[in-house]
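Everything below concerns the one structure shown next.
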Number of protein chains: 2
Amino acid sequence: MIKKEKTRRAPTESDVAKLAGVSQSAVSRAFTPGASVAKATREKILHAAQSIGYQPNLLARSLATRRSNIIALAIGNLENPFYAMVVKELSEQLAETGRHILLFTTPKGDEADPALERALSYQVDALVMAASMASIELTMQCQKAGVPIVQINRETKLPGISTVWGENQRAGELVAAFLYKAGHKKYAFVAGTKNSSISQMRQNGFETYLKSAGIKKIKTVYGDYTFEAASIAARSLLSAKNPPDAIFCASDYMAFAVIDVATREFGLNVPKDISVIGVDNVPEAGHSAYDLTTFSQPAGSLVEEAINIIDKMIADPGRRAIRCEVAGELIVRGSAKEPKDGFINNVDNKIWLE
Amino acid sequence: MIKKEKTRRAPTESDVAKLAGVSQSAVSRAFTPGASVAKATREKILHAAQSIGYQPNLLARSLATRRSNIIALAIGNLENPFYAMVVKELSEQLAETGRHILLFTTPKGDEADPALERALSYQVDALVMAASMASIELTMQCQKAGVPIVQINRETKLPGISTVWGENQRAGELVAAFLYKAGHKKYAFVAGTKNSSISQMRQNGFETYLKSAGIKKIKTVYGDYTFEAASIAARSLLSAKNPPDAIFCASDYMAFAVIDVATREFGLNVPKDISVIGVDNVPEAGHSAYDLTTFSQPAGSLVEEAINIIDKMIADPGRRAIRCEVAGELIVRGSAKEPKDGFINNVDNKIWLE
DNA sequence: ATAACTATTGCATACGCATGCAAAAAGCAG
DNA sequence: CTGCTTTTTGCATGCGTATGCAATAGTTAT
């Protein structure tokens, strides 16, 4: 005869209370850190809870406390290992304070709005955006609802959105300096998407340095932050009459695509024939298959600052948006020729211009 | 004078009700698909809701309906792009039915228990495990709570856990056949972790074919599914007196490490000096930097089946665990020598033995 | 026009937990 | 032992939504 284990409902505080001979509120207090319960009572309750396998219902708790301990993460481009790291870091760092991620992947290019509206309905405590964007309306809605938004690695004109980013301008300048001092003459920039201000800042730093060094022509193509689009961009770049010998990519992932196309399709040797530099310093950049020289953008630190901001915004909801820049550095590997006379990494912006 | 936008509480059904001149329950019904409301009333309500920006509180709804539409995903090894794909696929496919992922990353090697206990507290509708494991106690707890568990790409003896996996045995056999027919003599297998049954199945298929073909020695090392450990494993393999010329890796990600070590540290040419084959067919495997021959394991299909199972288990909670295998195929690229006489991919297991 | 239904609606309560408030208990000083 | 302060407890209610049940309005048949 088959024994049918009934799926009995999970025990509640009332069940524990009955068993421990106290009131439901006593049980609630026993599970609330700062609450007023006699030590003996608490232990009696915890013991009773243990014995029937009671676990607090966090949804109910969230409803009562108006704090869900859930953070919405809207993320696009999860194929890019940089964002995979962001997810991992955010998840682990949030877990330290008992919070968790409700995940919303935003199909490429699309705005995150429909997904995020649902996020708000879930009463998330905050909203982190990485490689995806919210509309103005949605932003206002969050503000009205008192849900702080933090963007990682995105810049928007919208006020009221906090942002954490890497050293984009400096990344472009340093990379330009590095390539210039290595003796390159023909430069190209593989941008992200057209409206990515992060990409624009990198480009700006790159061009600013080169122009003041006397380089006029700097070709720009768009890789849309994807492997495929970057491959196409690389093809157009390399098949031109006068192809570049130094390419700066707005992300490591796109740099991989460029290297692939350059070596496989154009038979070029990296870095002998062409130098390629990226941004992010994803783990793969260190793999010898790519051995990519890159400007780092530490996911762990970005996330740490993002959480800081969230905590501050929650503590003081009236507060203005916070913006924060996280330092990176040039990681010299083998995908780009090195300047002969050495290269100082952590140096004031102006110095290399002399 | 600064105007202080008060963070006013979000409107509720009662607010909408008052405005529309109906009862709260009417509002609730207006937002419940199958419910009984007059068309005119519903529209009046929807209009009122619209005008004050009402959004249902999904936590409250979940509490009342005992269905959260939240699926817990416990995932380890997010560095491995295969699992990044699993996350993405699961998130997108769940979103189609209005469900979302509550994410639990499990630090490497650790069991997922502490995290998952919290998951249960969040009243998740189901639990998906990828590259992480639950203890027996935890499993029982889920069963008692009526929360279905689906493992992706993991095999456990525990009864009651549903599982979805790729063709592991066949992967091993096909890869072995491919390498054998290409004329290799010295084989090695880079396993995942010691207790990964998936890795064992692949190994088993690999060895079964080779042994029946007369190959006795097949060296096995452990790469623990990480890039670093696989690199070390590769070093030990290649620095032996009589190193292998054909290496099968239990994952693409480890195969990348092997290729890196072989080419950079040992100066070997792939596939001239050594053939390397992986499993998964992650996007990177197609990049020309690796150009990896591999047995595919389609993340999209695995996830699709996992969701199917979840739905079935939820519909009929008494049901026994479901196990499901998803077909893959050998993707021939450039990291392994090819058999001269061609190679038929989709073929009955036995044929190549002749 | 009246009876017999059916489609809508509101009332009341439940979901599981947190918390202000007042009652009860315990501790303390005199 | 009495009066007062400090803990500890329980009661009652609220968080926002869903839903069984009974009441009401609306429809159709006779």
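So that the names make sense, note that chain A is the first sequence line, chain B the second, and so on, each numbered from 1.
Comparing C/dC11, C/dT8, D/dG10 by their closest approach to the side chain of B/S36 singles out C/dT8. When distances run from any side-chain atom of B/Y54 to the nucleotides D/dT17, C/dC11, C/dC17, the shortest one goes to D/dT17.
Proximity of B/T41 to the phosphate of C/dT9: a side-chain N or O atom is located under 4.0 Å from OP1 or OP2. The side chain of A/R66 contributes an N or O atom lying less than 4.0 Å from OP1 or OP2 of D/dG16. A close approach under 4.0 Å does not occur between any side-chain nitrogen or oxygen of A/Y122 and OP1 or OP2 of D/dG16. One finds no side-chain N or O of B/T12 lying less than 4.0 angstrom from the OP1 or OP2 phosphate oxygen of D/dG16. An OP1 or OP2 oxygen of D/dA18 is reached within less than 4.0 angstrom by a side-chain nitrogen or oxygen of B/S28. Distances shown here put a side-chain N or O of A/R9 below 4.0 Å from the OP1 or OP2 atom of C/dG16.
Taking the six-membered ring where the residue is Trp, the centroids of A/F82 and A/Y225 are separated by 6.0 Å or more.
In this structure, CZ of A/R42 is placed 17 Å from C1' of D/dG10, rounded to the nearest angstrom. With rounding to whole Å, A/Q24 atom CD is found 15 Å from C/dG20 atom P.
Residue contacts shown for A/V27 are absent, as no nucleic acid heavy atom lies under 4.0 Å away.
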